[in-house]
Number of protein chains: 2
Amino acid sequence: MHSIDAVDLDLLRALAEDPGATTVALAQRLGISRNTVAARLARLEDAGAFLSFDRRIDPAVLGHPLLAFIEITVHQRDLARIVEHLARIPEVVQAYGHSGTADLRVHVVCRDTDHLFRIDAAILRIDGVERTETSLAMGELIPYRVQPLVEKLRRGT
Amino acid sequence: MHSIDAVDLDLLRALAEDPGATTVALAQRLGISRNTVAARLARLEDAGAFLSFDRRIDPAVLGHPLLAFIEITVHQRDLARIVEHLARIPEVVQAYGHSGTADLRVHVVCRDTDHLFRIDAAILRIDGVERTETSLAMGELIPYRVQPLVEKLRRGT
DNA sequence: CCGCCCGTTGAGCACTCTGCGCAGCGCGGC
DNA sequence: GCCGCGCTGCGCAGAGTGCTCAACGGGCGG
(Lines give C-alpha, C1' and ligand atoms only; values in the text may rest on other atoms or scores of the structure.)
Protein backbone atom coordinates (compact mmCIF):
# COMPACT_ATOMS: atom_id res chain seq x y z
CA MET A 1 0.00 0.00 0.00
CA HIS A 2 1.28 3.37 -1.02
CA SER A 3 0.19 6.32 0.94
CA ILE A 4 0.04 9.91 -0.17
CA ASP A 5 3.39 11.67 -0.09
CA ALA A 6 4.59 15.22 -0.60
CA VAL A 7 4.71 14.88 -4.38
CA ASP A 8 1.11 13.72 -4.50
CA LEU A 9 0.03 16.63 -2.36
CA ASP A 10 1.86 19.10 -4.59
CA LEU A 11 0.17 17.49 -7.53
CA LEU A 12 -3.26 17.88 -5.98
CA ARG A 13 -2.50 21.47 -5.22
CA ALA A 14 -1.37 22.23 -8.75
CA LEU A 15 -4.37 20.41 -10.13
CA ALA A 16 -6.71 22.44 -7.97
CA GLU A 17 -5.23 25.62 -9.36
CA ASP A 18 -5.61 24.47 -12.93
CA PRO A 19 -7.78 21.38 -13.36
CA GLY A 20 -7.25 21.41 -17.09
CA ALA A 21 -3.48 21.42 -16.91
CA THR A 22 -1.64 18.99 -19.12
CA THR A 23 0.80 16.43 -17.79
CA VAL A 24 3.74 18.40 -19.15
CA ALA A 25 2.56 21.62 -17.57
CA LEU A 26 2.19 19.95 -14.19
CA ALA A 27 5.59 18.34 -14.58
CA GLN A 28 7.51 21.53 -15.20
CA ARG A 29 5.54 23.39 -12.55
CA LEU A 30 6.58 20.82 -9.94
CA GLY A 31 10.02 20.36 -11.41
CA ILE A 32 9.61 16.65 -11.99
CA SER A 33 9.47 14.53 -15.11
CA ARG A 34 6.26 14.10 -17.00
CA ASN A 35 6.56 10.35 -16.65
CA THR A 36 6.41 10.71 -12.91
CA VAL A 37 3.39 12.98 -13.10
CA ALA A 38 1.56 10.46 -15.24
CA ALA A 39 2.51 7.64 -12.89
CA ARG A 40 1.38 9.54 -9.80
CA LEU A 41 -1.85 10.60 -11.44
CA ALA A 42 -2.60 7.03 -12.41
CA ARG A 43 -1.80 5.85 -8.93
CA LEU A 44 -4.05 8.45 -7.33
CA GLU A 45 -6.71 7.61 -9.85
CA ASP A 46 -6.95 3.98 -8.93
CA ALA A 47 -6.45 4.68 -5.27
CA GLY A 48 -9.86 6.27 -5.71
CA ALA A 49 -8.65 9.76 -4.87
CA PHE A 50 -10.90 11.32 -7.48
CA LEU A 51 -14.62 11.41 -6.90
CA SER A 52 -17.25 11.60 -9.60
CA PHE A 53 -17.20 14.47 -12.04
CA ASP A 54 -20.76 15.26 -11.00
CA ARG A 55 -19.34 17.03 -7.98
CA ARG A 56 -17.99 19.74 -10.22
CA ILE A 57 -21.28 20.44 -11.95
CA ASP A 58 -23.07 23.42 -10.50
CA PRO A 59 -26.77 22.65 -10.00
CA ALA A 60 -27.45 26.39 -10.16
CA VAL A 61 -26.50 26.39 -13.84
CA LEU A 62 -28.95 23.54 -14.26
CA GLY A 63 -31.67 25.83 -13.02
CA HIS A 64 -31.62 24.57 -9.45
CA PRO A 65 -30.04 27.32 -7.39
CA LEU A 66 -31.55 26.35 -4.05
CA LEU A 67 -30.02 23.78 -1.76
CA ALA A 68 -31.88 22.27 1.16
CA PHE A 69 -31.00 19.74 3.81
CA ILE A 70 -33.75 17.37 4.81
CA GLU A 71 -33.46 15.22 7.87
CA ILE A 72 -35.63 12.18 7.72
CA THR A 73 -36.84 9.93 10.49
CA VAL A 74 -37.67 6.46 9.25
CA HIS A 75 -38.51 2.97 10.31
CA GLN A 76 -34.97 1.72 10.62
CA ARG A 77 -35.68 -1.66 9.11
CA ASP A 78 -37.05 -0.06 5.94
CA LEU A 79 -33.93 1.99 5.40
CA ALA A 80 -32.67 0.20 2.30
CA ARG A 81 -36.00 0.38 0.52
CA ILE A 82 -36.45 4.02 1.44
CA VAL A 83 -33.04 4.94 0.08
CA GLU A 84 -33.97 3.19 -3.11
CA HIS A 85 -37.07 5.37 -3.39
CA LEU A 86 -35.10 8.51 -2.60
CA ALA A 87 -32.65 7.62 -5.33
CA ARG A 88 -35.51 7.85 -7.82
CA ILE A 89 -36.04 11.52 -7.05
CA PRO A 90 -33.69 13.43 -9.38
CA GLU A 91 -33.52 16.45 -7.10
CA VAL A 92 -32.00 14.35 -4.34
CA VAL A 93 -28.32 14.88 -4.99
CA GLN A 94 -26.89 13.15 -1.96
CA ALA A 95 -27.93 11.17 1.10
CA TYR A 96 -26.12 10.25 4.27
CA GLY A 97 -26.86 7.88 7.06
CA HIS A 98 -26.94 9.91 10.17
CA SER A 99 -26.20 9.63 13.85
CA GLY A 100 -28.52 11.48 16.17
CA THR A 101 -32.26 11.91 16.25
CA ALA A 102 -32.86 11.64 12.53
CA ASP A 103 -31.76 8.63 10.53
CA LEU A 104 -31.13 10.11 7.15
CA ARG A 105 -29.84 13.40 5.89
CA VAL A 106 -30.70 14.22 2.32
CA HIS A 107 -29.34 17.04 0.20
CA VAL A 108 -31.83 18.37 -2.26
CA VAL A 109 -31.54 20.97 -4.99
CA CYS A 110 -34.54 22.84 -6.31
CA ARG A 111 -35.77 25.67 -8.49
CA ASP A 112 -37.59 27.57 -5.74
CA THR A 113 -39.29 27.05 -2.43
CA ASP A 114 -42.44 25.81 -4.07
CA HIS A 115 -40.45 23.14 -5.83
CA LEU A 116 -38.83 22.25 -2.54
CA PHE A 117 -42.22 21.89 -0.98
CA ARG A 118 -43.26 19.41 -3.63
CA ILE A 119 -40.08 17.40 -3.22
CA ASP A 120 -40.61 17.27 0.50
CA ALA A 121 -44.13 16.02 -0.10
CA ALA A 122 -42.78 13.33 -2.41
CA ILE A 123 -40.39 12.17 0.29
CA LEU A 124 -43.14 12.08 2.87
CA ARG A 125 -45.17 9.87 0.56
CA ILE A 126 -42.51 7.15 0.71
CA ASP A 127 -43.71 4.28 2.82
CA GLY A 128 -41.77 4.05 6.07
CA VAL A 129 -40.89 7.72 6.27
CA GLU A 130 -42.15 9.05 9.58
CA ARG A 131 -41.23 12.70 9.50
CA THR A 132 -38.96 15.16 7.78
CA GLU A 133 -37.31 18.34 8.91
CA THR A 134 -36.21 20.70 6.22
CA SER A 135 -33.74 23.52 6.42
CA LEU A 136 -32.67 25.78 3.65
CA ALA A 137 -29.06 26.65 2.91
CA MET A 138 -28.77 30.41 2.79
CA GLY A 139 -25.55 30.88 0.90
CA GLU A 140 -22.35 28.91 0.82
CA LEU A 141 -20.25 30.93 3.25
CA ILE A 142 -17.23 28.70 2.78
CA PRO A 143 -17.30 27.03 -0.64
CA TYR A 144 -16.19 23.42 -0.61
CA ARG A 145 -12.45 23.21 -0.29
CA VAL A 146 -9.77 20.72 0.64
CA GLN A 147 -6.73 22.84 -0.12
CA PRO A 148 -6.16 24.06 3.45
CA LEU A 149 -6.11 20.43 4.49
CA VAL A 150 -3.70 19.58 1.70
CA GLU A 151 -1.43 22.42 2.77
CA LYS A 152 -1.52 21.25 6.33
CA LEU A 153 -0.59 17.70 5.40
CA ARG A 154 2.06 19.05 3.08
CA ARG A 155 3.71 20.97 5.89
CA GLY A 156 3.38 18.04 8.24
CA THR A 157 5.00 15.61 5.82
CA MET B 1 -27.67 35.16 -22.01
CA HIS B 2 -27.51 31.61 -23.25
CA SER B 3 -29.19 28.95 -21.26
CA ILE B 4 -28.37 25.30 -21.15
CA ASP B 5 -29.74 23.31 -24.07
CA ALA B 6 -29.90 19.65 -25.01
CA VAL B 7 -26.39 19.61 -26.43
CA ASP B 8 -24.95 21.01 -23.22
CA LEU B 9 -26.78 18.40 -21.20
CA ASP B 10 -25.49 15.60 -23.41
CA LEU B 11 -22.05 17.03 -23.00
CA LEU B 12 -22.33 17.03 -19.23
CA ARG B 13 -23.55 13.48 -19.33
CA ALA B 14 -20.69 12.32 -21.51
CA LEU B 15 -18.24 14.20 -19.35
CA ALA B 16 -19.58 12.56 -16.23
CA GLU B 17 -19.00 9.16 -17.76
CA ASP B 18 -15.45 9.99 -18.75
CA PRO B 19 -14.09 13.16 -17.17
CA GLY B 20 -10.78 12.74 -18.95
CA ALA B 21 -12.29 12.48 -22.41
CA THR B 22 -10.71 14.58 -25.14
CA THR B 23 -12.67 17.05 -27.21
CA VAL B 24 -12.54 14.76 -30.22
CA ALA B 25 -13.79 11.79 -28.24
CA LEU B 26 -16.71 13.79 -26.90
CA ALA B 27 -17.45 15.11 -30.37
CA GLN B 28 -17.75 11.75 -32.05
CA ARG B 29 -19.65 10.30 -29.12
CA LEU B 30 -22.28 13.01 -29.46
CA GLY B 31 -22.08 13.06 -33.22
CA ILE B 32 -21.18 16.73 -33.41
CA SER B 33 -18.11 18.56 -34.57
CA ARG B 34 -15.17 19.02 -32.26
CA ASN B 35 -15.34 22.75 -32.80
CA THR B 36 -18.81 22.76 -31.34
CA VAL B 37 -17.71 20.72 -28.35
CA ALA B 38 -14.88 23.13 -27.65
CA ALA B 39 -17.21 26.11 -28.00
CA ARG B 40 -19.83 24.61 -25.69
CA LEU B 41 -17.24 23.62 -23.15
CA ALA B 42 -15.82 27.11 -23.13
CA ARG B 43 -19.27 28.59 -22.79
CA LEU B 44 -20.16 26.30 -19.88
CA GLU B 45 -16.82 27.07 -18.33
CA ASP B 46 -17.32 30.79 -18.18
CA ALA B 47 -20.97 30.45 -17.34
CA GLY B 48 -19.48 29.06 -14.13
CA ALA B 49 -20.93 25.60 -14.64
CA PHE B 50 -17.82 23.94 -13.26
CA LEU B 51 -17.08 24.18 -9.58
CA SER B 52 -13.65 23.92 -8.02
CA PHE B 53 -11.59 20.81 -8.60
CA ASP B 54 -11.39 20.38 -4.84
CA ARG B 55 -14.82 18.82 -4.96
CA ARG B 56 -13.40 15.82 -6.71
CA ILE B 57 -10.68 15.18 -4.16
CA ASP B 58 -11.64 12.49 -1.70
CA PRO B 59 -10.78 13.56 1.87
CA ALA B 60 -10.65 9.89 2.82
CA VAL B 61 -7.55 9.44 0.69
CA LEU B 62 -6.11 12.42 2.55
CA GLY B 63 -6.49 10.44 5.75
CA HIS B 64 -9.77 12.05 6.78
CA PRO B 65 -12.44 9.41 6.27
CA LEU B 66 -14.96 10.82 8.71
CA LEU B 67 -17.47 13.50 7.79
CA ALA B 68 -19.47 15.41 10.37
CA PHE B 69 -22.08 18.12 10.20
CA ILE B 70 -21.91 20.75 12.87
CA GLU B 71 -24.74 23.16 13.43
CA ILE B 72 -23.64 26.33 15.10
CA THR B 73 -25.66 28.92 16.94
CA VAL B 74 -23.99 32.30 16.95
CA HIS B 75 -24.45 35.92 17.76
CA GLN B 76 -25.85 36.96 14.43
CA ARG B 77 -23.96 40.20 14.27
CA ASP B 78 -20.64 38.39 14.64
CA LEU B 79 -21.34 36.09 11.73
CA ALA B 80 -18.74 37.46 9.33
CA ARG B 81 -15.95 37.36 11.88
CA ILE B 82 -16.89 33.85 12.96
CA VAL B 83 -16.87 32.58 9.40
CA GLU B 84 -13.42 34.05 9.03
CA HIS B 85 -12.27 32.08 12.04
CA LEU B 86 -13.89 28.92 10.77
CA ALA B 87 -12.10 29.35 7.48
CA ARG B 88 -8.82 29.07 9.34
CA ILE B 89 -9.60 25.54 10.45
CA PRO B 90 -8.35 23.27 7.65
CA GLU B 91 -10.74 20.47 8.55
CA VAL B 92 -13.71 22.74 7.85
CA VAL B 93 -14.42 21.88 4.24
CA GLN B 94 -17.61 23.81 3.75
CA ALA B 95 -19.99 26.14 5.56
CA TYR B 96 -23.52 27.25 4.85
CA GLY B 97 -25.70 29.92 6.25
CA HIS B 98 -28.74 28.22 7.58
CA SER B 99 -32.43 28.82 8.08
CA GLY B 100 -33.95 27.41 11.23
CA THR B 101 -32.75 27.23 14.78
CA ALA B 102 -29.06 27.16 14.07
CA ASP B 103 -27.35 29.86 12.07
CA LEU B 104 -24.50 28.01 10.50
CA ARG B 105 -23.98 24.53 9.20
CA VAL B 106 -20.41 23.42 8.86
CA HIS B 107 -19.09 20.33 7.16
CA VAL B 108 -16.00 18.93 8.78
CA VAL B 109 -13.72 16.06 7.85
CA CYS B 110 -11.57 14.28 10.39
CA ARG B 111 -9.32 11.35 11.11
CA ASP B 112 -11.41 9.86 13.90
CA THR B 113 -13.88 10.82 16.58
CA ASP B 114 -11.18 12.12 18.85
CA HIS B 115 -10.03 14.44 16.13
CA LEU B 116 -13.61 15.54 15.63
CA PHE B 117 -13.89 16.28 19.31
CA ARG B 118 -10.87 18.56 19.14
CA ILE B 119 -12.22 20.38 16.10
CA ASP B 120 -15.51 20.92 17.83
CA ALA B 121 -13.65 22.33 20.80
CA ALA B 122 -11.78 24.69 18.50
CA ILE B 123 -15.04 25.93 17.06
CA LEU B 124 -16.51 26.46 20.50
CA ARG B 125 -13.50 28.57 21.41
CA ILE B 126 -14.36 31.08 18.71
CA ASP B 127 -15.73 34.23 20.26
CA GLY B 128 -19.41 34.66 19.51
CA VAL B 129 -20.17 30.97 19.11
CA GLU B 130 -22.93 30.04 21.52
CA ARG B 131 -23.41 26.36 20.99
CA THR B 132 -22.74 23.59 18.53
CA GLU B 133 -24.59 20.45 17.67
CA THR B 134 -22.59 17.75 15.97
CA SER B 135 -23.84 14.81 14.00
CA LEU B 136 -21.75 12.21 12.29
CA ALA B 137 -22.36 11.02 8.74
CA MET B 138 -22.60 7.25 8.81
CA GLY B 139 -21.98 6.39 5.22
CA GLU B 140 -22.87 8.11 1.99
CA LEU B 141 -26.01 6.22 1.04
CA ILE B 142 -26.44 8.17 -2.16
CA PRO B 143 -23.11 9.49 -3.43
CA TYR B 144 -23.26 13.00 -4.80
CA ARG B 145 -24.84 12.97 -8.22
CA VAL B 146 -26.47 15.34 -10.65
CA GLN B 147 -26.96 12.96 -13.53
CA PRO B 148 -30.58 12.06 -12.75
CA LEU B 149 -31.32 15.76 -12.81
CA VAL B 150 -29.47 16.16 -16.08
CA GLU B 151 -31.45 13.27 -17.56
CA LYS B 152 -34.70 14.80 -16.38
CA LEU B 153 -33.88 18.16 -17.92
CA ARG B 154 -32.73 16.39 -21.05
CA ARG B 155 -36.06 14.65 -21.45
CA GLY B 156 -37.95 17.81 -20.63
CA THR B 157 -36.05 19.89 -23.19
C1' DC C 1 28.97 -5.42 1.94
C1' DC C 2 26.60 -6.70 -2.16
C1' DG C 3 22.96 -7.20 -5.22
C1' DC C 4 18.10 -6.53 -5.99
C1' DC C 5 13.90 -3.94 -6.41
C1' DC C 6 11.49 0.06 -7.16
C1' DG C 7 10.55 4.70 -8.36
C1' DT C 8 12.40 8.37 -11.03
C1' DT C 9 14.47 10.26 -15.03
C1' DG C 10 15.42 11.80 -19.82
C1' DA C 11 15.19 10.40 -24.36
C1' DG C 12 12.83 9.01 -28.39
C1' DC C 13 9.07 7.39 -31.21
C1' DA C 14 4.53 7.45 -33.66
C1' DC C 15 0.30 9.06 -32.93
C1' DT C 16 -3.41 12.05 -31.47
C1' DC C 17 -5.30 16.22 -29.94
C1' DT C 18 -5.42 21.23 -29.79
C1' DG C 19 -6.04 25.91 -31.20
C1' DC C 20 -6.68 28.52 -34.83
C1' DG C 21 -8.49 30.49 -39.05
C1' DC C 22 -11.55 29.89 -42.89
C1' DA C 23 -15.61 29.37 -45.82
C1' DG C 24 -20.17 27.34 -46.40
C1' DC C 25 -24.80 26.55 -44.65
C1' DG C 26 -29.29 26.45 -42.25
C1' DC C 27 -32.42 28.90 -39.30
C1' DG C 28 -34.71 32.49 -36.74
C1' DG C 29 -35.57 37.53 -36.23
C1' DC C 30 -36.55 41.85 -38.43
C1' DG D 1 -35.66 38.77 -48.43
C1' DC D 2 -31.74 39.99 -45.72
C1' DC D 3 -28.79 39.71 -41.67
C1' DG D 4 -26.50 37.52 -38.00
C1' DC D 5 -25.36 33.62 -35.40
C1' DG D 6 -24.15 29.11 -34.42
C1' DC D 7 -22.89 24.77 -36.38
C1' DT D 8 -20.06 22.41 -39.61
C1' DG D 9 -16.00 20.43 -42.09
C1' DC D 10 -11.36 21.34 -43.55
C1' DG D 11 -6.57 21.99 -42.94
C1' DC D 12 -2.45 23.43 -40.71
C1' DA D 13 1.36 23.89 -37.30
C1' DG D 14 2.39 22.94 -32.87
C1' DA D 15 1.86 20.64 -28.55
C1' DG D 16 0.76 16.81 -25.75
C1' DT D 17 0.20 11.65 -25.14
C1' DG D 18 1.22 6.87 -24.45
C1' DC D 19 4.59 3.94 -24.73
C1' DT D 20 9.16 1.87 -24.41
C1' DC D 21 13.94 1.98 -23.18
C1' DA D 22 18.26 2.20 -20.53
C1' DA D 23 20.35 4.46 -16.76
C1' DC D 24 20.56 6.03 -12.03
C1' DG D 25 19.90 6.13 -7.08
C1' DG D 26 18.20 4.92 -2.46
C1' DG D 27 16.49 1.42 0.63
C1' DC D 28 16.40 -3.27 2.16
C1' DG D 29 17.30 -8.16 2.83
C1' DG D 30 20.59 -11.67 2.47
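Remember, it's a predicted structure, so these values are computed and weren't measured experimentally. Every chain is numbered from 1 and lettered A, B, ... according to where its sequence line falls, protein lines coming before strand lines. Quick note: numbers below take in every heavy atom, side chains included, and nothing from hydrogens, waters or symmetry partners.
Under a 3.5 Å cut-off, the side chain of A/D78 and the backbone N or O of A/R81 do not form any donor-acceptor pair.
For residues 48-57 of chain A, every residue pair satisfying the side chain to side chain donor-acceptor pair (under 3.5 Å) rule, not counting sequence neighbours, is listed here: A/D54-B/Q147, A/R55-B/E140.
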Reading nucleotides 9-19 of chain D from the 5' end, what letters show protein touch, with B for base, S for backbone sugar-phosphate only, - for no heavy atom under 4.0 Å? BBB----SBBB
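Applying side-chain contact (heavy atoms from CB on, under 4.5 Å) to A/V106 and the options A/I119, A/V93, A/V92 leaves one that passes, A/V92. Across B/R29, B/R40, B/R154, a single residue satisfies side-chain hydrogen bond (donor to acceptor under 3.5 Å, both in side chains) together with B/D10, and that is B/R154. A side-chain contact (heavy atoms from CB on, under 4.5 Å) with B/L104 is found for one member of B/I70, B/I123, B/I82 and no other, namely B/I82.
B/R43 places its CZ atom 13 Å from the P atom of D/dC5, with the value rounded to the nearest Å. Taking atom CG of B/L26 as the reference point, atom P of C/dT16 lies 17 Å away to the nearest angstrom.
Remark: B/R88 pairs with B/E84 by the salt bridge (charged side-chain N to carboxylate O under 4.0 Å, His left out) rule, at least two apart or across chains.
Look at B/R111 and B/E91 and you find no salt bridge, because none of the NZ, NE, NH1 or NH2 atoms lies under 4.0 Å from a carboxylate O.
Remark: DNA chain C forms stems of 3 or more consecutive Watson-Crick or G-U wobble pairs, all pair distances under 3.5 Å, at C:1-30 with D:1-30.
Closest heavy-atom contact between A/S135 and B/S99: CB-O, 3.6 Å.
By the 30° and 60° cut-offs, the orientation of the rings of A/F69 relative to A/H107 is perpendicular.
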Exercise answer: donor-acceptor pairs, residues 125-132 of chain A side-chain atoms, under 3.5 Å, sequence neighbours excluded:
residue, atom, partner, partner atom, Å
A/E130, OE2, A/H75, NE2, 3.0
A/T132, OG1, A/D120, OD1, 3.0

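Within residues 5-16 of chain A, no residue approaches DNA chain C, by heavy-atom distance under 4.0 Å.
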